[in-house]
Amino acid sequence: MKKEKRIVVKVGTNVLTKHDGTLDKPIFRQVVVQLARLKEMGWSPILVSSGAVGAGRSIIGDCDIQDEAIRRQVLSSVGQASLMKRYYELFHEYDIVCSQVLATKEDFATGDHYQNMINCFEGLLGQGIVPIVNENDVVSLVELMFTDNDELAGLTAQMVEAEKLIILSNIDGLFTGMPGEDGSELVKEVGLNDQAAKTFVSSNKSGQGRGGMESKLKVACEAAAKGIETFIANGKRDHVVIDIVNGKQIGTRFLIGETVNEK
Ligand code: GLU
């Protein structure tokens, strides 16, 4: 049976950091305030938060480790702790208990791992706790790695049978061309069998996150196909999550049915 009122909100590194790569501290409060509001509205929110590597960089700088994989392990190990400290303190102000869930790709493979994850989410949500999910960057290397946290968010939304998935980035949504270029327009809705959407994206990635629009589009289409209404929107925009949930037309919405024209 579909579990109503579960919502997964994914915040990307580009939302949580400034141009110089250090953390954009006020944004954390904006995220937490909105999740607290969602709880008041009767939703069970799950936060998928990137930013561990960015937070680590804020603390120890780029560090002189030459091996890229080890550098990432060190930065994320340092950063994840400070990321959670920040979230923990902010949620505490709203009398909300949050928790850390670190996952590797293996945890979403069918079998015992998958069931363990379901049990974990069910246990946490049953207690009214807000799970904060991130990839376990310290141990997830090569084949254990998710494509990016967009993939992790999509898998989490499917696992908890969420009603909605909101993917927050530093751009307003899916555009018909490169955002900001002449003639490039925001795509407001993508229907289930909308093939045109795929032609709009380039694999160009911006900023510091691992994901790009191509991967967001893939995740959003897959989630919508599983009946999860999905949005890609700008996380730097005030009240973006609440406005989306309240039905305002913001960002790109992935319909769980056909396009408006095909209805
Ligand atoms: N897990 C990474 C972090 O917390 C982010 C991965 C991604 O950018 O998708 O820094």
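Start at 1 and go down the list; that is how both ligands and their atoms are numbered. Numbering starts at 1 and runs along the sequence shown.
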Close-contact set for ligand 1 against [X] heavy atoms, below 4.0 Å:
X      : result
Val53  : 3 (C), 10 (O)
Asp148 : 9 (O)
Asn134 : 1 (N), 3 (C), 4 (O)

Would you check if there is a donor-acceptor pair between the side chains of Glu185 and Thr176 at a distance under 3.5 Å?
no
With no hydrogens and no angle check, do the side chains of Asp24 and Thr17 hold a donor and an acceptor under 3.5 Å apart?
no
Asp137 and ligand 1 - part of the residue with a heavy-atom distance under 4.0 Å:
side chain
For ligand 1, is Gly51 a contact, meaning one of its heavy atoms is under 4.0 Å away?
yes
What distance do Gln158 atom CD and Phe108 atom CZ have between them, rounded to the nearest 0.5 Å?
9.5 Å
Out of Thr17, Val48, Asn149, who gets a non-hydrogen atom closest to atom 9 (O) of ligand 1?
Asn149
Looking at the rings of Phe254 and Phe231, which for Trp means the six-membered one, are their centres under 6.0 Å apart?
no
Would Ser49 and Asn134 count as a side chain to side chain donor-acceptor pair (under 3.5 Å) if you check the C-alpha gap in whole Å, the side-chain angles of each, and the deciding distance to 0.1 Å?
CA-CA 6 Å; Ser49 177; Asn134 195 2; over 6 Å; no
